[in-house]
Asks: 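Shown below is the structure under consideration.
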Amino acid sequence: MKMKKIEAIIRSEKLDDVRRALSDMGINGITVTEVKGHGKQKGITQQWRGTEYKVDLLPKVKIETVVKLEDVDKVVDIIVEAAKTGNIGDGKIFVIPVEDAIRVRTGEKGEDAI
């Protein structure tokens, strides 16, 4: 059983593009979570009514999916292509080993469960 969990933290406005691209590839099982954070840029500075303030934690979306080992590179490439704007803050992708998966309803295990 060789599976990997892919976690992608991307801009909220790119979620539909990424979902559509993954669906077109046949990846339908995803989890989406609204998250906040920052990378190297450590947030942004904005102005409101003439007063400058720093926003340290920027809203992002985390997409999680578990795929077969042979699909990892293709899924990562699809996410990068769909989420990329070329600007700071486009996000990060993490690939994590998955030991096992179990479908609660049927008890299926491993790749059959994903």
Side-chain angles (χ1 to χ4, degrees):
M1 280 181 280
K2 304 252 181 175
M3 299 173 289
K4 299 280 186 173
K5 179 179 182 181
I6 299 173
E7 289 185 5
I9 300 171
I10 62 168
R11 296 173 180 269
S12 302
E13 64 267 20
K14 299 302 275 180
L15 175 60
D16 285 339
D17 294 340
V18 172
R19 283 182 54 204
R20 195 172 309 111
L22 289 173
S23 180
D24 289 348
M25 183 195 165
I27 304 293
N28 295 310
I30 65 169
T31 300
V32 177
T33 310
E34 292 182 7
V35 296
K36 291 185 179 191
H38 67 75
K40 288 182 180 179
Q41 83 274 14
K42 297 193 174 55
I44 59 173
T45 302
Q46 293 184 337
Q47 280 197 356
W48 189 69
R49 293 189 176 182
T51 303
E52 234 179 52
Y53 64 99
K54 186 163 177 84
V55 178
D56 290 353
L57 299 175
L58 301 172
K60 300 285 182 175
V61 172
K62 179 166 73 170
I63 300 171
E64 300 170 271
T65 189
V66 176
V67 299
K68 297 176 187 175
L69 185 62
E70 61 264 21
D71 293 335
V72 170
D73 290 338
K74 188 172 181 184
V75 170
V76 168
D77 290 345
I78 284 171
I79 293 170
V80 168
E81 185 64 32
K84 186 176 185 178
T85 68
N87 297 314
I88 292 173
D90 275 353
K92 294 265 189 312
I93 299 174
F94 303 97
V95 179
I96 304 158
V98 173
E99 191 170 315
D100 203 357
I102 298 95
R103 185 183 313 264
V104 173
R105 179 177 53 87
T106 63
E108 292 171 288
K109 291 187 162 208
E111 291 178 1
D112 292 336
I114 61 172

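What you are looking at is a predicted structure, and each value in this text was computed from that prediction instead of being measured.
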Asks: Say you draw a straight line from CD1 of I114 to OG1 of T65; how long is it, rounded to the nearest 0.5 Å?
Replies: 7.5 Å

Asks: Could you pull out all donor-acceptor pairs under 3.5 Å where a side-chain atom in residues 29-36 meets a protein atom, sequence neighbours excluded?
Replies:
none

Asks: If you look only at distance, which donor and acceptor atoms sit under 3.5 Å apart when one is on a side chain in residues 71-91 and the other is two or more places apart or in another chain?
Replies:
{"unit_1": "T85", "atom_1": "OG1", "unit_2": "N87", "atom_2": "N", "d": "3.2"}
{"unit_1": "T85", "atom_1": "OG1", "unit_2": "D90", "atom_2": "OD1", "d": "2.4"}
{"unit_1": "T85", "atom_1": "OG1", "unit_2": "D90", "atom_2": "OD2", "d": "3.3"}
{"unit_1": "D90", "atom_1": "OD1", "unit_2": "R11", "atom_2": "NE", "d": "2.8"}
{"unit_1": "D90", "atom_1": "OD1", "unit_2": "T85", "atom_2": "N", "d": "3.4"}
{"unit_1": "D90", "atom_1": "OD2", "unit_2": "T85", "atom_2": "N", "d": "2.8"}
{"unit_1": "D90", "atom_1": "OD2", "unit_2": "G86", "atom_2": "N", "d": "2.8"}

Asks: So which heavy atom on E111 is nearest to which on K2, and how close?
Replies: OE2-O, 3.4 Å

Asks: Would a hydrophobic clustering, with Ile, Leu, Val, Met, Phe, Trp and Tyr connected at side-chain separations under 4.5 Å, put I10 with I93?
Replies: yes

Asks: Check for me, please, whether V18 and V67 land in the same ILVMFWY cluster - side-chain distances under 4.5 Å, paths through other members count.
Replies: yes

Asks: With heavy-atom distances below 4.5 Å as the criterion, would you say the side chains of H38 and L57 are in contact?
Replies: yes

Asks: Please, which pairs that meet side chain to side chain donor-acceptor pair (under 3.5 Å) have at least one residue in residues 12-21, sequence neighbours excluded?
Replies: K14-D17, D17-R20

Asks: Please tell me whether I63 and M25 are part of a single hydrophobic cluster in this structure, the criterion being side-chain heavy atoms less than 4.5 Å apart.
Replies: yes

Asks: Check the hydrophobic clustering (I, L, V, M, F, W, Y; side-chain heavy atoms under 4.5 Å; chains of links allowed) and say if L22 and I9 are grouped together.
Replies: no

Asks: Could you tell me which non-hydrogen atom of E108 sits nearest to which non-hydrogen atom of A113, and how far apart they are?
Replies: O-CB, 3.5 Å

